[in-house]
Peer 1: 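My structure is below; once you've seen it, I'll send some questions.
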Amino acid sequence: QVKLAESGGGSVQAGGSLRLSCTASEYSTYSCMAWFRQALRKEREGIAAVDSDGTTSYVEAVKGRFTISKDNSKNTLYLQMNNVQPEDTAIYYCAADRLSCAGGKFTLWRSNFGHWGQGTQVTVSS
């Protein structure tokens with residue numbers, strides 16, 4: 001079953017902006033939602049998360065440039081990516097779990113999330 005689906009990826013020049021979307025068919029059942037990314041030859045890493053109470057968390061690499069948000073009326077999770085850099089090139093995945101976000105340094109652990117999208121490619125050229 002496809003429960004999460006990313007869109008909005010593509011090619012963008014360094015310094016530009018991009019907004020990713022993730023539609024969730026069972027949106028109302030999720031508490032913690034997050035964005036992960038996986039670059040070539042690297043492990044999948046969590047970069048941003050938002051809890052059902054609106055609490056957000058980010059890894060340092062994207063803090064101040066990326067913003068995670070939700071539109072509950074549209075059952076959609078967003079990642080606004082500003083000032084993108086070549087090192088942001090990766091496949092971006094949305095993830096969700098029925099449990100609340102763990103909090104602190106434990107929030108963006110891959111094993112916390114039981115539901116995943118198929119990913120959308122973001123390529124940043126210099």
Side-chain angles (χ1 to χ4, degrees):
Q1 291 184 325
V2 178
K3 298 180 179 180
L4 302 171
E6 304 92 341
S7 62
S11 297
V12 63
Q13 190 174 4
S17 297
L18 203 64
R19 188 175 77 161
L20 306 183
S21 300
C22 174
T23 57
S25 61
E26 298 181 1
Y27 183 92
S28 63
T29 70
Y30 302 132
S31 291
C32 189
M33 302 189 74
W35 288 97
F36 285 67
R37 66 185 182 186
Q38 187 166 17
L40 285 174
R41 301 188 303 277
K42 294 185 177 180
E43 295 183 356
R44 191 173 302 186
E45 63 170 346
I47 58 172
V50 59
D51 214 339
S52 57
D53 65 357
T55 301
T56 58
S57 60
Y58 301 89
V59 294
E60 196 68 27
V62 308
K63 189 176 296 183
R65 298 189 298 121
F66 294 3
T67 302
I68 188 170
S69 63
K70 299 185 296 183
D71 186 336
N72 293 336
S73 69
K74 297 181 179 179
N75 293 343
T76 302
L77 175 74
Y78 299 100
L79 183 69
Q80 179 65 47
M81 306 168 62
N82 294 330
N83 191 26
V84 294
Q85 300 298 314
E87 55 264 36
D88 296 319
T89 295
I91 300 175
Y92 283 72
Y93 301 87
C94 60
D97 202 86
R98 293 183 174 90
L99 297 176
S100 297
C101 296
K105 64 180 180 180
F106 305 105
T107 298
L108 291 167
W109 286 13
R110 184 175 178 177
S111 60
N112 288 339
F113 299 91
H115 304 274
W116 295 85
Q118 293 299 304
T120 185
Q121 177 71 46
V122 172
T123 302
V124 182
S125 60
S126 60

Peer 1: Using the benzene-type ring in the case of Trp, are the ring centres of F36 and W116 under 6.0 Å apart?
Peer 2: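 Yes, ring centres under 6.0 Å apart.
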
Peer 1: To the closest 0.5 Å, what do you measure between OG1 (T67) and CE (M81)?
Peer 2: 11.0 Å

Peer 1: Work out which heavy atom in A90 is nearest to a heavy atom in A39; give both atom names and the distance.
Peer 2: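 Looking at all heavy atoms of both residues, the closest pair is CB-N, 3.7 Å.
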
Peer 1: Rounded to the nearest 0.5 Å, how far apart are CG of N72 and OG of S52?
Peer 2: 9.5 Å

Peer 1: Within the 4.5 Å heavy-atom criterion, are E6 and L20 side-chain neighbours or not?
Peer 2: no

Peer 1: Drop me the distance from E26's CD to R98's CZ, to the nearest 0.5 angstrom.
Peer 2: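 Between E26 CD and R98 CZ, I get 5.5 Å after rounding to 0.5 Å.
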
Peer 1: So does I68 get a backbone contact from the side chain of Y58, meaning a donor-acceptor N/O pair under 3.5 Å?
Peer 2: yes

Peer 1: May I ask you to check whether over 12 heavy atoms, not counting those of E87, lie within 6.0 Å of atom CD?
Peer 2: yes

Peer 1: As an exercise, state the distance from CG of D97 to OG1 of T29, rounded to the nearest 0.5 Å.
Peer 2: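 Here the rounded value is 9.0 Å.
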
Peer 1: Just do the side-chain contact (heavy atoms from CB on, under 4.5 Å) check on Y30 and K70 with the steps written out, would you?
Peer 2: CA-CA 12 Å; Y30 302 132; K70 299 185 296 183; over 6 Å; no

Peer 1: Taking all atoms of both residues into account, what is the closest heavy-atom pair of C101 and T107, and its distance?
Peer 2: CB-CG2, 4.0 Å

Peer 1: Is any side-chain heavy atom of D88 less than 4.5 Å from a side-chain heavy atom of F66?
Peer 2: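 Of all side-chain heavy-atom pairs linking F66 with D88, at least one is under 4.5 Å.
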
Peer 1: Closer than 3.5 angstrom, by distance alone: can the side chain of T56 be matched with the main-chain N or O of A49 as a donor-acceptor pair?
Peer 2: no

Peer 1: Return the minimal non-hydrogen interatomic distance between V12 and S17, and the atom names on each side.
Peer 2: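 Scanning both residues completely, I find the closest heavy atoms to be CG2-O, 3.9 Å.
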
Peer 1: Mind checking the CE-OG1 spacing from M33 to T76? Nearest 0.5 Å is all I need.
Peer 2: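 The distance works out to 8.5 Å.
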
Peer 1: Taking the side chain from N83 and the backbone from R65, do they hold a donor-acceptor pair closer than 3.5 Å?
Peer 2: no

Peer 1: Tell me, with the steps shown, if V122 and R37 meet side-chain contact (heavy atoms from CB on, under 4.5 Å).
Peer 2: CA-CA 9 Å; V122 172; R37 66 185 182 186; over 6 Å; no

Peer 1: Should the heavy atoms of other residues, nucleotides or ligands under 6.0 Å from CD of Q118 be counted, would the total exceed 12?
Peer 2: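 No, the 6.0 Å shell around CD holds no more than 12 heavy atoms from other groups.
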
Peer 1: Under a 3.5 Å distance rule, please check whether Q38 uses its side chain to pair with a backbone N or O of I91 as donor and acceptor.
Peer 2: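 Not at all, since once roles are kept as given, no pair shorter than 3.5 Å links the two residues.
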
Peer 1: If we ignore hydrogens and angles and just use 3.5 Å, is the side chain of D51 paired with the main-chain N or O of D53 as donor and acceptor?
Peer 2: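 Not confirmed, D51 side chain does not pair with D53 backbone.
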
Peer 1: If we ignore hydrogens and angles and just use 3.5 Å, is the side chain of N112 paired with the main-chain N or O of F106 as donor and acceptor?
Peer 2: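 Indeed, once roles are kept as given, a pair shorter than 3.5 Å links the two residues.
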
Peer 1: How far apart are the closest heavy atoms of L18 and G10, and which atoms are they?
Peer 2: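 So the two residues come closest at CD2-N, 4.2 Å.
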
Peer 1: For the side chain of W35 and the backbone of Y78, is there at least one donor-acceptor N/O pair under 3.5 Å apart?
Peer 2: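 Flag set: sc W35 to bb Y78 pair under 3.5 Å.
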
Peer 1: Which distance, rounded to the nearest 0.5 Å, do you find between the CG of L4 and the SG of C94?
Peer 2: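 If we round to the nearest 0.5 Å, L4:CG and C94:SG are 4.5 Å apart.
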
Peer 1: Minimum heavy-atom separation for S73 and D71, please, with both atom names.
Peer 2: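 Here S73 and D71 meet closest at OG-OD1, 2.6 Å.
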
Peer 1: Are Y92 and I47 packed together at the side-chain level, in the sense that at least one heavy-atom pair is separated by less than 4.5 angstrom?
Peer 2: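 Yes - at least one pair of side-chain heavy atoms lies under 4.5 Å apart.
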
